[in-house]
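As structure tokens, the structure follows; a few thoughts come after it.
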Amino acid sequence: MILITVKFTARPEFSETWMSQVAEFTRATREEPGNVFFEWSRSVENPDQYVLLEAFESAEAGAVHVNSEHFKTAMAALPGTIATKPQIIYVDAPVDGWSEMAELSPADS
């Protein structure tokens, strides 16, 4: 599995509409056969910053993603909405999905 984290800083005028700006890209990516997850979070410290956490079953599935029409469309549209060049972390992970955290469980009611 490949894990990718991308930090986007939106231009202030696009901060409140960021999720609608990426909605179609998000929907289409989540429908890709090799997509494991594609999740957005907004920084609690910087309202202009969004973090995308994504995973694909393999590097090949990731290649299909970056060659897709929805990826190309998003990459053409996003430069007008970002304030800085996005930061990325890409990791090949020897797992095939989520597992439970051993150190923490919900308290009994």
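None of these values were measured; they are calculated from a predicted model. For the numbers below, each heavy atom of this structure counts, side chains included, while hydrogens, waters and symmetry mates do not.
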- Quick one: do the Thr9 and Asp48 side chains pair a donor with an acceptor below 3.5 Å? no

- Query: Measuring from Arg42:CZ to Glu16:CD, what's the distance to the nearest 0.5 Å?
  - Reply: 4.5 Å

- Item | For the student: nearest non-hydrogen atoms of Ser68 and Glu32, plus distance | OG-OE2, 4.1 Å

- Query: How are the rings of Trp18 and Trp40 set relative to one another: parallel (under 30°), tilted (30 to 60°) or perpendicular (over 60°)?
  - Reply: perpendicular

- So NZ of Lys7 and CG of Leu52: to nearest 0.5 Å the spacing works out to 13.0 Å

- Message: Starting from Val95, can I reach Leu3 by hopping between I/L/V/M/F/W/Y residues whose side chains sit under 4.5 Å apart?
- Response: yes

- For residues Thr29 and Asn35, report the shortest heavy-atom separation together with the two atoms involved. O-CB, 3.3 Å

- Message: Students often mix this up, so state it plainly: with edges at 30° and 60°, are the rings of His70 and Phe25 parallel, tilted or perpendicular?
- Response: tilted

- Query: Are Tyr90 and Phe56 connected in the hydrophobic side-chain network, where two residues link if heavy atoms are under 4.5 Å apart?
  - Reply: yes

- Item | Audit row: Glu54, Arg30, salt bridge (charged side-chain N to carboxylate O under 4.0 Å, His left out) steps and yes/no | CA-CA 9 Å; Glu54 55 188 305; Arg30 287 176 176 168; over 6 Å; no

- OG (Ser58) and CD (Glu60) are apart, to the nearest 0.5 Å, by 4.5 Å

- Message: Within this structure, what is the CD1-CZ distance for the pair Ile82 and Arg11, rounded to the nearest 0.5 Å?
- Response: 7.5 Å

- Query: Which pair of non-hydrogen atoms, one from Phe14 and one from Thr81, has the smallest distance, and what is that distance?
  - Reply: CD1-CA, 3.7 Å

- Message: Tell me whether Tyr50 shares a hydrophobic cluster with Val44, the cluster being built from Ile, Leu, Val, Met, Phe, Trp, Tyr side chains joined at under 4.5 Å.
- Response: no

- Query: Heavy-atom count around Asp96 CG within 6.0 Å, excluding the residue itself: above 12?
  - Reply: no

- Task: Could you walk me through whether Phe8 and Thr84 pass side-chain contact (heavy atoms from CB on, under 4.5 Å), step by step?
- Result: CA-CA 7 Å; Phe8 295 88; Thr84 61; over 6 Å; no

- For the residue pair Lys72 and Met75, establish whether any side-chain heavy-atom pair is separated by less than 4.5 Å. no

- Query: Shared ILVMFWY cluster between Val51 and Val91, side chains joined below 4.5 angstrom?
  - Reply: no

- Query: Measuring from Gln49:CD to Ser41:OG, what's the distance to the nearest 0.5 Å?
  - Reply: 11.0 Å

- Item | Least distance between heavy atoms, Met1 atom then Ala55 atom | SD-CB, 4.1 Å

- Item | Neighbour count >12 (heavy atoms, 6.0 Å) for atom CD, Glu31 | yes

- Task: Identify the heavy atoms of Ile2 and Ile4 that sit nearest to each other, and give their distance.
- Result: CD1-CD1, 4.0 Å

- Query: Does Ile89 share a hydrophobic cluster with Phe38, counting links as ILVMFWY side-chain heavy atoms below 4.5 Å and allowing steps through other members?
  - Reply: no

